[in-house]
Amino acid sequence: MPKMSDTMTEGVIAKWHKKVGDKVGSGDLVAEVETDKATMDFESYQEGTLLYIGPKEGEAVPVDAIIAVLGEEGEDYQALLEGGKGGEAGNQAKSDQGKDEKTEETAQESAPKATAAEDDGDDDENVTAESLGATVITMPLLSDTMTEGVIAEWHFKVGDTIKSDDAIADVETDKATMEVTAYADGTLLYIGVEKGQAAKVNDIIAIVGKEGTDIKPLLKQRTGKTEKAEKPTADRGEAPTAAKTSQPAAPEETPASQEDSRVKASPLARKIAKDKGISLGEVKGSGDGGRIIKKDVESYTPAAKAAAPTAAAQPGAGESRTTTVNIPQFVGEERYTEKVVTQMRKTISRRLSETFVIPHFYLTIKINMDSAMQARTKINEVAPVKVSFNDLVIKAAAAALKQHPAVNASWQGDKIRYNEHVNIGVAVAVEDGLLVPVVRFADGKSLSHISAEVKEFAQRAKAKKLQPADWEGSTFTVSNLGMFGIDEFTAIINAPDSCILAIGGIDQVPVVKNGQIVPGNIMKVTLTCDHRVVDGATGAAFLQTLKSLLEEPVRILA
């Protein structure tokens, strides 16, 4: 039972959406849990079979108690349940989120009382969110691999009235952008993380309570603990060593830096000016009272200083006259922009780094698309949804995979898995990177069905509405850059798939037919293969089948 609010001690199972024996995917809705503040959806962060359900609908369960067991079909879980009654196995079965929150609560309860003495008798140590009638909203664990989240958008500002089921913010995780719910009715008293900033899981991001509630003791208590944990070694009474005394003295402030210290400017503007070597005295501020802010420093352009005129040497009577070339002085400024790496880009970086340990090889083939172009024109005259060349390739690849199951496979370490189903991942470019939603059972779907599904995936991807279940479970991947005018390229395998197909553009080039040179429409495709699973001859045979299907597209419609 997860802790879904700071005051929650138990939850009531309002409804089970799965039953014992059901397959559960990461992100699937397992149950609805009624807390002390709202009824929330409980999603699974793992994949497996639901082996055990403890409480029935309507029953209350304490936080961290076992409510269900997920594992491999047929797995023995009795030891886990017996351990859950007080043994170590049950403790291991708790979610990471529960452990993190439990640790944080314990730390707060056992905090030393020294802070109260330092604060001249203030009893801040005894202040809790409950005693103030407030609700602390922390960064939730929204996926099994999440360690931090970035606030993509705040939907409310401090002072706004909110309800328990309001989505107060959008949080960008390593897999998707998801909503954070308020859990409580009241006034938004505090926002701890600005838009675009990251917060660790379980860090405070907001506080909700009654209007006018003084939350300073609550924040002061947390800040005091942080400062105590970070107190330097010298504060513990250690004498400085000779090595410390030999440290070089800090450089003296220059007149320019002394002048800058007297200029009204924001801390961020001062940092940017220091990094760029700009004197704040030369920057005009647009803030309140002429205060210099970030945009003033970023938009500042130094005035070109007039070059001191040099006296041209007058040639003597016996000297030959030479032509002097005057090179105008050009004053420029080195500038750059840095952006914080998004959670999606971090995940892409990690997965690509893992993928490059795979032994790749590449196979390229040319395909005559004349017949495919004619077939597409006729199909679009009657199809309810316009079919693209990419849709034709997906359908042809699915049909070819059924004939070559060795390509529709994945490396599992000590075994190779040969998939009997065909789930094709389709690479979709978005602003922050690349997503690969999956067209499931593509071999059994019509071209119109595939086209409609891919279009919907593309729209949801660009709107950041895709969920983890949309991009999991591919057995083969297709990446198309032909629409950007790319003739051919090689793509990186999307693990755990063993192959990825890179599709180039269709070019009209001279081809030889029946001994005559005629115009033809040629498309190059490149298959990237995991050599641990697919051999060269196996990949070549797959490409031959793909080529024959696209050059005679009636075969994929039969």
Minimum side-chain heavy-atom gap [X]-[Y] below 4.5 Å:
{"X": "Met139", "Y": "Val171", "result": "yes"}
{"X": "Met178", "Y": "Gln467", "result": "yes"}
{"X": "Ile424", "Y": "Ile450", "result": "no"}
{"X": "Leu550", "Y": "Val393", "result": "yes"}
{"X": "Leu466", "Y": "Phe457", "result": "yes"}
{"X": "Val69", "Y": "Leu81", "result": "yes"}
{"X": "Thr526", "Y": "Phe489", "result": "no"}
{"X": "Val63", "Y": "Pro2", "result": "no"}

Within this structure, what is the [atom1]-[atom2] distance for the pair [X] and [Y], rounded to the nearest 0.5 Å?
{"X": "Leu392", "Y": "Leu549", "atom1": "CG", "atom2": "CG", "value": "11.0 Å"}
{"X": "Glu420", "Y": "Asp443", "atom1": "CD", "atom2": "CG", "value": "11.5 Å"}
{"X": "Ser498", "Y": "Tyr418", "atom1": "OG", "atom2": "OH", "value": "9.0 Å"}
{"X": "Trp411", "Y": "Ile493", "atom1": "CH2", "atom2": "CD1", "value": "12.5 Å"}
{"X": "Arg532", "Y": "Ser410", "atom1": "CZ", "atom2": "OG", "value": "10.0 Å"}
{"X": "Lys200", "Y": "Thr147", "atom1": "NZ", "atom2": "OG1", "value": "5.5 Å"}

Sequence-distant partners of [X], side-chain contact (heavy atoms from CB on, under 4.5 Å), two or more places apart:
{"X": "His421", "result": "Asn419, Asn423, Phe441, Thr475"}
{"X": "Leu70", "result": "Val24, Ser44, Gln46, Leu50"}
{"X": "Val385", "result": "Ser451, Ala452, Lys455"}
{"X": "His449", "result": "Lys445, Ser446, Glu453"}

Sorted by chain and residue number, the salt bridge (Lys or Arg N to Asp or Glu O under 4.0 Å) partners of Lys23 (sequence neighbours excluded) come out as Glu73
Any residue meeting salt bridge (Lys or Arg N to Asp or Glu O under 4.0 Å) with Asp470, in chain and number order, not counting sequence neighbours: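 Applying salt bridge (Lys or Arg N to Asp or Glu O under 4.0 Å) to Asp470 gives Arg460.
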Residue pair Val454, Val439: steps toward the side-chain contact (heavy atoms from CB on, under 4.5 Å) verdict: CA-CA 7 Å; Val454 171; Val439 178; 4.0 Å; yes
Short question: side chain of Glu59, backbone of Lys56 - any donor-acceptor pair under 3.5 Å?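 Pair found, side chain donor or acceptor close to backbone of Lys56.
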Taking the side chain from Thr49 and the backbone from Gly21, do they hold a donor-acceptor pair closer than 3.5 Å?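 Pair absent, no side-chain N/O of Thr49 close to backbone of Gly21.
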Begin from the C-alpha positions of Glu148 and Lys346 and carry the test salt bridge (charged side-chain N to carboxylate O under 4.0 Å, His left out) through to its verdict. CA-CA 12 Å; Glu148 66 177 15; Lys346 288 180 183 177; 2.7 Å; yes
Quick one: list whatever passes side-chain hydrogen bond (donor to acceptor under 3.5 Å, both in side chains) with [X], sequence neighbours left out.
{"X": "Thr181", "answer": "none"}
{"X": "Glu75", "answer": "none"}
{"X": "Glu32", "answer": "His17"}

Using the ring-ring contact (aromatic ring centres under 6.0 Å, His included) rule, collect all pairs that involve residues 52-75, keeping only residues at least two apart or in two chains.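 Listed once each, the pairs are Tyr52-Tyr77.
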Show the atom names and distances, to 0.1 Å, of all donor-acceptor pairs under 3.5 Å that link a side chain in residues 533-543 to residues at least two apart or in another chain.
none

Atom pairs and distances, donor-acceptor, side-chain atoms in residues 152-160, under 3.5 Å, two or more places apart:
unit_1, atom_1, unit_2, atom_2, d
Glu153, OE1, Lys195, NZ, 3.0
Trp154, NE1, Val193, O, 2.8
His155, NE2, Asp170, OD1, 3.1
His155, NE2, Asp170, OD2, 3.2
Asp160, OD2, Lys157, N, 3.0

Over all atoms of both residues, closest heavy-atom pair of [X] and [Y]:
{"X": "Thr528", "Y": "Ala491", "answer": "OG1-O, 2.8 Å"}
{"X": "Trp16", "Y": "Pro55", "answer": "NE1-O, 3.0 Å"}
{"X": "Ala442", "Y": "Ile394", "answer": "CB-CG2, 4.5 Å"}
{"X": "Glu72", "Y": "Leu51", "answer": "O-CD2, 3.5 Å"}
{"X": "Asn408", "Y": "Phe476", "answer": "OD1-CB, 4.4 Å"}
{"X": "Ile503", "Y": "Asn480", "answer": "O-OD1, 3.4 Å"}

For the pair Lys216 and Asp214, find out whether any cationic side-chain nitrogen is under 4.0 Å from an anionic carboxylate oxygen. no
Is Asp22 salt-bridged to Lys19, cutoff N-O under 4.0 Å?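 The answer is yes: the pair qualifies as a salt bridge.
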Hey, mind stepping through Asp203 and Thr138 against side-chain contact (heavy atoms from CB on, under 4.5 Å) and telling me if it holds? CA-CA 5 Å; Asp203 279 358; Thr138 59; over 6 Å; no
One pair to check against side-chain contact (heavy atoms from CB on, under 4.5 Å): Val33 and Val12. What are the steps and the verdict? CA-CA 6 Å; Val33 176; Val12 175; over 6 Å; no
Can you establish whether the number of heavy atoms outside Lys210 located under 6.0 Å from its atom NZ is more than 12? no
For side-chain contact (heavy atoms from CB on, under 4.5 Å), just list the numbers for Thr477 and Val436, CA-CA rounded to whole Å, side-chain angles, deciding distance to a tenth of an Å, and then say yes or no. CA-CA 8 Å; Thr477 307; Val436 188; 3.9 Å; yes
